[in-house]
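Have a look at the structure below before the remarks.
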Amino acid sequence: KPVEQLTIEEATHEVKSLSLQVEQWGREYYENDNPSVEDYVYDQAYQRLVSLEKAFPELQSPDSPTQQVGAATISDFAKVEHPNPMLSMGDVFSVAELIEFNDRLQRNGVDHPEYNLELKIDGLAVSLMYENGKFVQGSTRGDGRIGEDITKNLKKIKSIPRTLSQPLTIEVRGECYMPKEAFAKLNEQRELQGLTVFANPRNAAAGSLRQLDPQVTADRELSTFIYYVPDYQTLGVTTQSAALLKLAELGFNVNLNNQVVDSQAEIEAYINEYTKKRNDLEYGIDGIVEKVNDLALQEELGSTVKVPRWEIAYKFPPEEAAT
Ligand SMILES: NC(=O)c1cnc(N)c2cc(Br)sc12
């Protein structure tokens with residue numbers, strides 16, 4: 001039915017169901033690089049949602065997929081081509097599947113690997129480029145190959161060093177996130193101002209970075225955890241755990257809740273520990289990341305067209321209590 005002929009009830013219902021559908025398809029496409037529908041189906045649904053929100057402004061929300069990262073690289077931003085594609089990551093939802101992943105690695109000759117376990121931060125992936133130790137450019141993941149240049153906004157984030165402790169020319173990647181406390185305060189303010197609220201800290205971080213006014217970013221309390229260097233030789237390290245320490249030395253904010261393990265028992269202990277601690281952390285996490293610790297071995301294992309073979313995300317079951 002043309003949007004003009006819809007009642008507000010019909011439009012509300014359709015916006016709700018369409019948003020969920022577009023979000024799901026967007027996640028499949030942008031996070032798992034594994035879409036379940038053809039692009040034109042996604043685009044049609046996306047455009048229908050855009051026209052519904054235009055016809056019924058009261059149904060617009062900052063959480064709508066039409067406002068989210070990955071749903072569409074907003075043309076207002078300059079484009080940045082990532083020298084190394086920013087891949088997403090395979091994920092598993094049970095310890096049994098994690099064991100399967102590890103067994104598969106062992107069958108591929110990776111016997112008794114050491115893993116580095118890290119927290120999976122619920123934020124927005126960013127890439128930071130440094131030349132001779134100076135921060136020169138920052139971008140979003142975008143579609144993995146082409147991201148959006150958000151350098152001006154990222155320069156407003158205190159935890160991103162403008163100058164490194166060594167004059168390195170290097171790209172680093174991590175997550176930009178909004179602490180839970182800042183998220184609660186922001187939504188409180190928005191309610192007082194009669195604005196719609198963000199559904200979760202991840203959307204709030206994305207909404208604070210993917211907009212054109214750096215002052216808006218400055219006013220939103222955002223932070224970062226840096227956890228990846230595509231070219232680890234520049235760091236002069238041989239393991240992921242050493243890379244994290246080196247990144248901290250350079251001046252980056254690094255989440256040091258990582259743990260080097262080499263047994264299934266330790267992996268399960270780490271998962272249990274952070275399943276319990278999750279609610280008490282000042283930032284949102286949606287799982288843990290298990291990485292082969294040896295960087296040369298990671299390189300040997302490489303990636304499929306979609307995801308690295310040397311890391312996997314174990315996702316926590318969705319939280320019952322609201323964050
Ligand atoms: N520690 C990590 O490697 C990590 C943390 N948080 C995340 N959202 C992601 C995403 C990828 Br892809 S890796 C990673």
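Atoms within each ligand, like the ligands themselves, are counted from 1 in listed order. Just so it is clear, the structure is predicted and the values come from calculations on it, not from any experiment.
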Practice prompt. Measure from the side-chain N and O atoms of Gln5 to the backbone N and O of Pro2, and report whether any donor-acceptor pair falls under 3.5 Å.
Written response: no
With Phe252 as partner, the option from Phe225, Tyr228, Tyr130 fulfilling ring-ring contact (aromatic ring centres under 6.0 Å, His included) is Tyr130
Between Val292 and the options Glu311, Gln298, Glu299, the side-chain contact (heavy atoms from CB on, under 4.5 Å) test singles out Gln298
Check your understanding: Are the side chain of Gln259 and the backbone N or O of Leu117 linked by a donor-acceptor pair below 3.5 Å?
Key -> no
List, pair by pair, the atoms of ligand 1 and of the protein that are both N or O and lie under 3.5 Å apart, giving the separation rounded to 0.1 Å.
residue: ligand 1; atom: 1 (N); partner: Glu118; partner atom: OE1; Å: 2.7
residue: ligand 1; atom: 1 (N); partner: Leu119; partner atom: O; Å: 3.4
residue: ligand 1; atom: 3 (O); partner: Glu118; partner atom: OE1; Å: 3.4
residue: ligand 1; atom: 3 (O); partner: Lys291; partner atom: NZ; Å: 2.7
residue: ligand 1; atom: 6 (N); partner: Ile121; partner atom: N; Å: 2.8
residue: ligand 1; atom: 8 (N); partner: Ile121; partner atom: O; Å: 2.9
residue: ligand 1; atom: 8 (N); partner: Glu175; partner atom: OE1; Å: 3.2
residue: ligand 1; atom: 8 (N); partner: Glu175; partner atom: OE2; Å: 3.3

Contacts satisfying salt bridge (Lys or Arg N to Asp or Glu O under 4.0 Å) that involve residues 104-118 (not counting sequence neighbours) are Glu118-Lys291
Whether Lys277 engages the ring of Tyr274 as a cation-pi pair (distance to the six-membered ring centre under 6.0 angstrom, angle to the ring normal within 45°) should be assessed. yes
